[in-house]
Amino acid sequence: MKHRTIIILVFFLAATIFFIYRFLSQPDKDEYLFYPMGGIPCSLVEYDADSKKFLGDARSVESRVDQLEDVFNIYRPGSEAARLNDSRPDEWYPLSSDMYRVMEKSLIWYGKSGGAFDITVAPLVRLWKAAAKKGVVPAKTGIDSTLVRVGSSKITLSPDKGIEFSAGGMELDFGGIAKGYIVDQVGRWLKENGVEQFVFTCGGHVFMSGKENFRVGIQEPGGGEGDLMMVMNSSPGGVVTSGHYERFSEIGGRRYSHIIDPVTGMPVDNSLVSVTIVADNATDADALATAVAVLGLERSVGLLKGLKGFEAVLLEKIGGGFRVHYSRSLADRLEYEGEWASIPRVEF
Ligand code: AMP
Ligand code: MG
């Protein structure tokens, strides 16, 4: 088996990077790029593929992603998620198997994160979006009355009956977990169809398969496409980056994160600039990355130390600079680029 290195870039500005090609064919590597979910760059790379078969795979992957958007995209009219968001309390709603699996995972992460990861955050996301549009921060009373409709403890999941909401006006938001699930599902489909060596990414969500030595490039905050902070040598599985200053709203000249703390109802405001989670799958990594972004540095390090099978690279803003915190098991697998070689680091 020849040993190659595969470089994957994990971008902060996942939704806004530009690629200069749509389809690229090389002797040992085929790449297909498309922009679903409102313009997020998704890339399928297969190694040693038959180019004709590859095109077929690429089309199937694109339609599988579209099918999953029909399940999870709350902004797509008629999607399963949009229909659930119109539901009434104290009634059972049947769920597709994809939806059930993501709900089940979401409730597990709600518990593990002490309520920081919460798919019922949608009414708060909506409140803050409307506030940004008006340019006025929501009143405390508005936040408090919205919080009544938030909390995963108010949903009940049953493998036979589906989902039941115990409060009126509840809505779900899968933005913190669905992309991870989508890259995992594409990965599963590819494996079932005999593809062994591949990388599938959507924004900062990566699923890798094969015997290669994967090198995942983590972009520096605010940097361009090739501006890397570090390269992580990685095994197959999932890697997800959540840079929570990558998407924000501005109200009265202040920036507000798109990630909301479901306990306080306020946009997250802490020292974490970016969170990268490594796991054997991207669904769990995605949920955990969002939870860590909400919990902030101290509480997250506590959570991460107690979890098996997860590794993290956290970038903290301190004064005018940065500090990196990383899981001990990653110590020998991180290579710092350029001036990042002298960044202060803390192992946990
Ligand atoms: P991510 O980029 O994976 O960290 O997910 C961020 C997205 O998840 C946001 O744009 C919201 O759609 C949604 N979200 C915001 N706050 C939370 C939260 N506390 N728990 C779960 N999802 C959230
Ligand atoms: Mg996430």
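Just so you know, ligand 1 is whichever comes first in the structure, and atom 1 is the first atom listed for that ligand. Everything numeric in this text was worked out from a predicted model, so none of it was measured.
- Short contacts between ligand 1 and G175, defined as distances under 4.0 Å to a heavy atom of the residue, involve ligand atoms 3 (O), 5 (O), 7 (C), 8 (O), 12 (O).
- Against a heavy-atom cut-off of under 4.0 Å, V294 is close to the following atoms of ligand 1: 19 (N).
- At a heavy-atom distance under 4.0 Å, atoms from both the backbone and the side chain of I259 approach ligand 1.
- Side-chain atoms of Y93 come within 3.5 Å of backbone N or O of R88 as a donor-acceptor pair.
- Relative to atom 13 (C) of ligand 1, the option among T241, D173, I260, V150 with the closest non-hydrogen atom is D173.
- Heavy-atom distances between A116 and ligand 1 reach below 4.0 Å in at least one pair.
- Atoms of ligand 1 lying under 4.0 Å from at least one heavy atom of T290, given by number and element, are 1 (P), 3 (O), 4 (O), 5 (O).
- The distance cut-off of 2.8 Å around the Mg ion (ligand 2) captures these protein N, O or S atoms, sorted by chain and number: G176 O, D286 O, D286 OD1, T290 OG1.
- The CH2 atom of W340 sits 5.5 Å away from the CG atom of L315 when rounded to the nearest 0.5 Å.
- Here the side chains of P221 and S274 are not in contact, with every heavy-atom distance at 4.5 Å or above.
- A salt bridge does not link R83 to D86: none of the charged side-chain nitrogens sits closer than 4.0 Å to a carboxylate oxygen.
- A cation-pi arrangement, defined by a distance under 6.0 Å to the six-membered ring centre and an angle within 45 degrees of its axis, is present between K317 and F322.
- If you number the atoms of ligand 1 from 1 as listed, the ones under 4.0 Å from a heavy atom of F117 come out as 20 (N), 21 (C).
- At a 4.0 Å cut-off, at least one heavy atom of P262 sits close enough to ligand 1 to count as contact.
- Once rounded to the nearest 0.5 Å, the distance linking CD of E164 with CD1 of I155 reads 11.0 Å.
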Practice prompt. Evaluate the side chain to side chain contact (heavy atoms under 4.5 Å, CB included) criterion for residues I119 and S152: first the C-alpha distance (whole Å), next the side-chain angles of each, then the deciding distance (0.1 Å), finally the verdict.
Written response: CA-CA 7 Å; I119 50 168; S152 286; 4.2 Å; yes
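- Residues I260 and V125 have side chains in contact (heavy-atom distance under 4.5 Å, counting atoms from C-beta outward).
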Discussion item. Between Y32 and F34, does the ring-ring contact (aromatic ring centres under 6.0 Å, His included) criterion hold? Intermediate values first, please.
Written reply: CA-CA 7 Å; Y32 180 77; F34 59 107; 5.7 Å; yes
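- The residues D184 and R101 are annotated as not salt-bridged, no charged nitrogen and carboxylate oxygen being separated by less than 4.0 angstrom.
- Residue D286 approaches ligand 1 through these ligand atoms, each under 4.0 Å from one of its heavy atoms: 3 (O).
- A pairwise comparison of heavy atoms in P262 and D118 identifies CG-CB, 3.7 Å as the closest pair.
- Heavy-atom contacts of G176 reach the following atoms of ligand 1: 3 (O), 5 (O), 7 (C), 8 (O), 13 (C) (cutoff under 4.0 Å).
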